[in-house]
2 protein chains.
Amino acid sequence: MARPEPIRFRRSTLGEDVYETLKGLVLEHSLSPGDRINIDALAREFAVSPTPVREALARLEADGLVRKRPLVGYTVSPLLTRAEFEAMFEMRLLLECASTRWAAERADTARREAISGEAATTVASEEDDPDGWHAAFTVLDARFHDLIAEASGNELLRDGINRLHAHLHLHRRYFPYAQASATTEEHRRIAAAILAADPDAAEAAMRDHLSSARERHLAAFD
Amino acid sequence: MARPEPIRFRRSTLGEDVYETLKGLVLEHSLSPGDRINIDALAREFAVSPTPVREALARLEADGLVRKRPLVGYTVSPLLTRAEFEAMFEMRLLLECASTRWAAERADTARREAISGEAATTVASEEDDPDGWHAAFTVLDARFHDLIAEASGNELLRDGINRLHAHLHLHRRYFPYAQASATTEEHRRIAAAILAADPDAAEAAMRDHLSSARERHLAAFD
DNA sequence: CCATGAAACATCCTATAGGATCCACGATAT
DNA sequence: ATATCGTGGATCCTATAGGATGTTTCATGG
């Protein structure tokens, strides 16, 4: 807990900036799951008053990233249990498959090509910074799935997927896995099916991808 | 805009109570879609300070019930457009069908019977209070779907469904429809299939139910 | 040695006040 | 008449301070 950066920001409102910053701290594990969050301490650290911090925490709670016990305080949400993780992947399977199918059915040409382009992109292999590499890969993965969700044309679906992605990201940071090559190949297959406007193939490819990803991640629970 | 109730509540924290109260006001249309929300005025009305009101609004924004423009103010979220409404029902179809299938597959006996019981319940037909009757029917419907979602054993799924229900409710209040008898019958079929542990039949029944409901609601857009 | 109760502490929660920003209105120039 | 600019008012946003609550510690009795 040593981040004595005053952090001078002012994009629009302090509450907004504190929210984004805090979200980043949680997602990159500068704040660990289970940690208690001292509002006054955070306020001092950010050189702001507790008021915008409270507002940011209220929003983070709605995202499920922090938990609140009234008159006691906030804590960073604990890591998913195995059961919760399985439930999360059930939900992902549901949402992502639909997202992919609809993208294959409805997306305009520009979006289809954008998805293919994203799938073709690979992370520069900086061997000297495995941690940074993993982060870059995660960003790439999130963007790929979000592009598909956007192409599905259903913003509620997109929101739901992104909401899950935050928790997936959280889990990944704790149990990084290195099988990125398989993931990239699976992404290419999905993108190809979407480009070909083949909903069945696209959904099947996404289903395979998520099933494989699920297996890869489940190893962390052993 | 005349609700001079001081509102003395103290369940746990003021922020929590204000959140629940405001949510109720929006859902029952005491605050109409598009209305500007004056933080100070609300605080005076509730006899609290603006601070907990802000916190409640931050949470409501995450629920999608209010919209925020930084440095300008909050407004009640506008009613769903036809396209958004269709997207919402697409999402509902996805989530509720899975919810029903899993409930039929996994639920324990007690929950199956609870669902059947809820489906068998009918709203007392108070002819003198059609508005109250409609509200009661809405509550019944929400509880039925939530019971199934709970029985599905996936809390994330349940959250997602309830999130959608808030918007459905909002739309319903503006365009009340009276075909409750059909709804009740459809509920019974779903409950029967779940009780019989027949996932395919349960999912199909839910699909029919939602398709019918979609048709009933879509009339409001003509 | 363990259980119970009370007091001190830390922290959260709320109210109030002032600075900052946006919007609306009106005046002036073209 | 229209467009542009400046001013006033309303409202939001943030900081500070004090009351309220939960937690912990420590002493006391069994």
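Just so it is clear: chains get the letters A, B, ... in the order the sequence lines come, proteins before strands, and each one is counted from 1.
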Atom [atom1] of [X] and atom [atom2] of [N]: how far apart are they, to the nearest Å?
X	N	atom1	atom2	value
B/Asp40	C/dT21	CG	C1'	14 Å
B/Glu55	C/dA15	CD	P	12 Å
B/Arg44	C/dT14	CZ	P	19 Å
A/Leu71	D/dA20	CG	P	13 Å
A/Arg36	C/dT11	CZ	C1'	8 Å
B/Glu61	D/dC12	CD	P	14 Å
B/Phe46	C/dC13	CZ	P	19 Å

(message) Could you walk me through whether B/Arg59 and B/Glu16 satisfy the salt bridge (Lys or Arg N to Asp or Glu O under 4.0 Å) test, starting with their C-alpha distance in whole Å, then the side-chain angles of each, then the deciding distance to 0.1 Å, before giving a yes or no?
(response) CA-CA 10 Å; B/Arg59 294 177 55 185; B/Glu16 185 75 17; 2.9 Å; yes
(message) If only side-chain N and O atoms count, and only distance matters, is there a donor-acceptor pair under 3.5 Å linking B/Arg143 with B/Thr121?
(response)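 Note: B/Thr121 and B/Arg143 side chains miss the donor-acceptor criterion.
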Looking at [N], I'd like to know if its phosphate oxygens (OP1 or OP2) sit under 4.0 Å from a side-chain N or O belonging to [X].
X	N	answer
B/Asn38	D/dC12	yes
A/Ser49	D/dA15	yes
B/Arg54	D/dC13	yes

(message) Is the ring pair A/His209/A/His145 parallel, tilted or perpendicular, if the boundaries are 30 and 60 degrees?
(response)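 Parallel, since the angle between the ring planes stays under 30°.
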Closest to side chain of [X], choosing from [options]:
X	options	value
B/Ile39	D/dT23, D/dT16, D/dC13	D/dC13
B/Thr13	C/dT14, D/dT23, D/dA15	C/dT14
B/Tyr74	D/dA15, D/dT23, D/dC13	D/dC13
B/Leu14	C/dT14, D/dG22, D/dC13	C/dT14

(request) Name the nucleic acid region contacted by A/Ile37, choosing base, sugar-phosphate or nothing; use a 4.0 angstrom heavy-atom cut-off, strictly under. (result)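 A/Ile37: backbone/sugar contact only, no base atoms under 4.0 Å.
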(request) Report yes or no: is the cationic atom of A/Arg214 (NZ for Lys, CZ for Arg) under 6.0 Å from the centre of the six-membered ring of A/Phe89, at an angle within 45° of the ring normal? (result)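 The answer is no; the distance or angle limit is not met.
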(message) Nearest heavy atom decides the nucleotide; on that basis, is A/Arg69 or B/Val72 closer to the 5' end of DNA chain D?
(response)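 Closer to the 5' end of DNA chain D: B/Val72.
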(request) Could you walk me through whether A/Arg54 and B/Thr51 pass the side chain to side chain donor-acceptor pair (under 3.5 Å) test, one step at a time? (result) CA-CA 10 Å; A/Arg54 287 179 95 18; B/Thr51 310; over 6 Å; no
